[in-house]
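First the structure, in the form of structure tokens, and then the observations on it.
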Amino acid sequence: MSDITARVIVASNRAAAGIYEDTSGPRLVAGLRELGCTVTGDPVVVPDGEPVAEALRQAVADGIDVVLTSGGTGVTPTDRTPEATRGVLDFEVPGIAEAIRAHSRDKVPAAALSRGLAGVASHTLIVNLPGSTGGAKDGLAVLGPLLRHTVDQIRGGDHPQSSGAG
């Protein structure tokens with residue numbers, strides 16, 4: 001997957017203000033690199049809301065293949081990442097977000113509260129993940145087997161033919 005470029009955007013009002021150091025973003029960067037993606041630089045840390053949308057639009061303009069966001073997906077009044085993301089997406093891919101929630105739900109019942117989205121903007125896959133290291137780990141576990149095929153499809157690739165096709 002070395003031909004797949006990726007970026008991590010952390011939506012955190014407190015981390016952006018320097019109140020605490022985010023730990024989920026570096027975990028996502030490391031996980032994407034373990035999956036063979038090219039991730040340049042550190043996670044982009046921004047306050048939740050419109051700054052997330054701006055960072056997403058920049059990643060799309062930069063031609064990044066995969067953008068993972070961390071944080072801002074819950075139900076508190078300041079959690080605005082899904083709304084910011086929806087405004088950037090051309091279309092949603094709900095099965096990805098549903099799979100991430102389902103993967104986490106048995107271990108962490110509060111995972112059902114995540115409003116994270118997944119979808120495509122131009123030629124970029126965008127996936128919202130919860131803002132925890134556990135959410136990052138679970139998101140990567142679900143995305144790992146999907147990334148290459150998803151990016152290939154977004155680039156216009158055809159479905160692979162099975163060996164028994166005639």
Side-chain angles (χ1 to χ4, degrees), residues 1 4-89 92-94 96-121 124-144 146-147 150:
M1 273 193 255
I4 295 178
T5 58
R7 183 172 295 165
V8 174
I9 298 170
V10 175
S12 172
N13 296 331
R14 292 179 293 159
I19 296 170
Y20 83 104
E21 187 173 336
D22 168 69
T23 56
S24 64
R27 174 67 190 109
L28 288 171
V29 168
L32 286 164
R33 287 180 177 149
E34 288 168 15
L35 291 172
C37 296
T38 300
V39 185
T40 55
D42 294 326
V44 177
V45 180
V46 296
D48 207 347
E50 183 55 29
V52 173
E54 291 170 14
L56 289 171
R57 285 191 290 269
Q58 185 60 59
V60 172
D62 291 345
I64 301 297
D65 294 309
V66 177
V67 178
L68 302 184
T69 70
S70 174
T73 63
V75 295
T76 72
T78 59
D79 287 327
R80 309 306 302 161
T81 296
E83 290 76 15
T85 301
R86 185 171 281 120
V88 175
L89 294 178
E92 292 185 35
V93 185
I96 293 174
E98 292 165 7
I100 293 167
R101 281 187 283 274
H103 181 84
S104 304
R105 196 174 41 237
D106 290 341
K107 297 177 287 188
V108 183
L113 298 176
S114 173
R115 300 180 305 114
L117 303 176
V120 176
T124 302
L125 173 67
I126 299 172
V127 180
N128 299 152
L129 298 174
S132 65
T133 55
K137 179 182 172 197
D138 289 350
L140 289 165
V142 171
L143 291 169
L146 301 173
L147 280 183
T150 305

**Prompt:** Where do P130 and S114 come nearest, in terms of heavy atoms and distance?
**Reply:** CG-OG, 4.3 Å
**Asked** Of all heavy-atom pairs between A6 and L32, which one has the smallest distance, and what is that distance?
**Response** CB-CD1, 3.8 Å
**Request:** Report yes if the side chains of V52 and L56 come closer than 4.5 Å at any heavy-atom pair, otherwise no.
**Result:** yes
**Complete:** Correct closest heavy-atom pair for A112 and R105 would be CB-CD, 4.2 Å
**Request:** Determine which pairs satisfy salt bridge (Lys or Arg N to Asp or Glu O under 4.0 Å) with at least one residue from residues 65-74, sequence neighbours left out, and list them in order.
**Result:** D65-R155
**Asked** How many angstroms lie between OG in S104 and NZ in K137, if you round to the nearest 0.5 Å?
**Response** 10.0 Å
**Message:** As an exercise, state the distance from OG1 of T133 to CG of D138, rounded to the nearest 0.5 Å.
**Reply:** 9.5 Å
What pairs of donor and acceptor atoms, side-chain ones from residues 40-48 against any protein atom, are under 3.5 angstrom apart with sequence neighbours left out?
residue: D48; atom: OD1; partner: T81; partner atom: N; Å: 3.0
residue: D48; atom: OD1; partner: T81; partner atom: OG1; Å: 2.8
residue: D48; atom: OD2; partner: R80; partner atom: N; Å: 2.9

**Asked** Where the side chain of R7 meets the backbone of D62, is there a donor-acceptor pair that is under 3.5 Å apart?
**Response** no
**Asked** Taking NZ, NE, NH1 and NH2 as the nitrogens, is one of them in E50 or R57 under 4.0 Å from a carboxylate oxygen of the other?
**Response** yes
**Message:** Checking side-chain polar atoms at under 3.5 Å, does N128 have a donor or acceptor matched by the opposite partner on T85?
**Reply:** yes
**Request:** Given side chain to side chain contact (heavy atoms under 4.5 Å, CB included), test L125 with I96 step by step and report yes or no.
**Result:** CA-CA 11 Å; L125 173 67; I96 293 174; 4.1 Å; yes
**pair C37-L147: side-chain heavy atoms closer than 4.5 Å** = yes
**Request:** Could you check I100 against V127 for side chain to side chain contact (heavy atoms under 4.5 Å, CB included), going step by step and ending with a plain yes or no?
**Result:** CA-CA 10 Å; I100 293 167; V127 180; 3.7 Å; yes
**Prompt:** Are L68 and L143 close enough that some pair of their side-chain heavy atoms sits under 4.5 Å apart?
**Reply:** yes
**Message:** Quick check: do L28 and S70 have side-chain heavy atoms less than 4.5 Å from each other?
**Reply:** yes
**Message:** Using the rule given for side chain to side chain contact (heavy atoms under 4.5 Å, CB included), can you reason through L140 versus E34, listing the C-alpha separation, both sets of side-chain angles and the distance that settles it, and then say yes or no?
**Reply:** CA-CA 10 Å; L140 289 165; E34 288 168 15; over 6 Å; no
